[in-house]
Amino acid sequence: MPKLEIKRKAELSRKEVSERLIAIGQAIARGPDVELTAGDDSLEIVVADRVRWELEIEVDGDKTEIEIEISWHDDAAAESAADTISASPPAVPAKAARRGRARKTTAR
């Protein structure tokens with residue numbers, strides 16, 4: 001199959017982001033056949049039983065970035081090889097820790 005890539009960027013509210021993440025999670029939980037939409041584009045994919053999860057959190061000054069990547073191979077032999085990789089504990093804690101931010105204050 002030829003390479004296909006769909007990219008969309010948007011500025012959303014925190015609630016809108018959570019709704020999108022929940023919708024993706026629920027679609028994956030329902031079964032292997034998942035339909036994803038981005039604007040006018042729609043793509044049906046089959047998600048493997050075992051996937052690779054990658055979470056990256058980067059804090060640089062006042063900018064915070066979270067990247068979530070989920071990947072898998074359609075080839076059953078590749079899935080078997082992935083099963084031999086040792087699993088690490090989940091990177092997302094059950095309750096997210098709050099991190100205080102330094103705030104600029106004026107002298108009193």
Side-chain angles (χ1 to χ4, degrees):
M1 173 183 243
K3 181 177 179 176
L4 172 67
E5 187 170 321
I6 298 172
K7 284 189 177 188
R8 296 288 186 270
K9 291 185 180 184
E11 188 165 317
L12 306 171
S13 70
R14 190 172 53 243
K15 184 175 191 248
E16 289 169 318
V17 170
S18 72
E19 289 168 350
R20 289 184 183 197
L21 289 170
I22 290 167
I24 291 170
Q26 289 175 338
I28 291 171
R30 277 193 295 272
D33 299 318
V34 175
E35 182 176 356
L36 300 173
T37 58
D40 294 336
D41 295 318
S42 178
L43 178 66
E44 288 188 25
I45 58 174
V46 177
V47 179
D49 288 336
R50 302 285 302 169
V51 300
R52 179 181 172 150
W53 166 272
E54 185 176 330
L55 175 68
E56 182 179 330
I57 303 171
E58 184 177 329
V59 179
D60 184 10
D62 64 348
K63 180 182 177 188
T64 302
E65 185 174 321
I66 299 174
E67 290 184 30
I68 300 170
E69 186 173 316
I70 304 167
S71 59
W72 63 91
H73 292 276
D74 293 333
D75 178 13
E79 284 183 40
S80 297
D83 287 341
T84 62
I85 299 173
S86 63
S88 58
V92 179
K95 183 175 180 185
R98 292 195 63 126
R99 182 177 146 265
R101 290 187 181 243
R103 297 189 188 264
K104 194 182 277 187
T105 60
T106 57
R108 293 183 181 172

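These values consider heavy atoms only, across backbone and side chains, with no hydrogens, waters or symmetry-generated copies. Numbering starts at 1 and runs along the sequence shown.
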Problem - Steps toward side-chain contact (heavy atoms from CB on, under 4.5 Å) verdict (Ile68, Trp53) - result: CA-CA 7 Å; Ile68 300 170; Trp53 166 272; 3.6 Å; yes
Problem - Sequence neighbours excluded - salt bridge (charged side-chain N to carboxylate O under 4.0 Å, His left out) pairs with any residue from residues 19-45 - result: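 Listed by first then second residue: Arg8-Asp41, Lys15-Glu19.
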Practice task
Verify the cluster assignment for Val34 and Ile22: are they in a single hydrophobic cluster under the rule of side-chain heavy atoms below 4.5 Å apart?
Solution key: no
Do [X] and [Y] have side chains that get closer than 4.5 Å, going by heavy atoms?
{"X": "Ile45", "Y": "Trp72", "result": "yes"}
{"X": "Lys3", "Y": "Glu5", "result": "yes"}
{"X": "Val46", "Y": "Asp74", "result": "no"}

Problem - Candidate pair Glu16 and Arg14, rule side-chain contact (heavy atoms from CB on, under 4.5 Å), full reasoning - result: CA-CA 6 Å; Glu16 289 169 318; Arg14 190 172 53 243; over 6 Å; no
Exercise for the section: Drop me the distance from Thr37's OG1 to Leu43's CG, to the nearest 0.5 angstrom. Expected result: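 Thr37 atom OG1 to Leu43 atom CG measures 10.0 Å (nearest 0.5 Å).
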Problem - Spacing of CD1 belonging to Ile70 relative to CD belonging to Glu54, to within rounding of 0.5 Å - result: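 So the CD1 of Ile70 and the CD of Glu54 are separated by 11.0 Å.
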Problem - Working for side-chain contact (heavy atoms from CB on, under 4.5 Å), residues Glu67 and Glu69 - result: CA-CA 7 Å; Glu67 290 184 30; Glu69 186 173 316; 5.7 Å; no
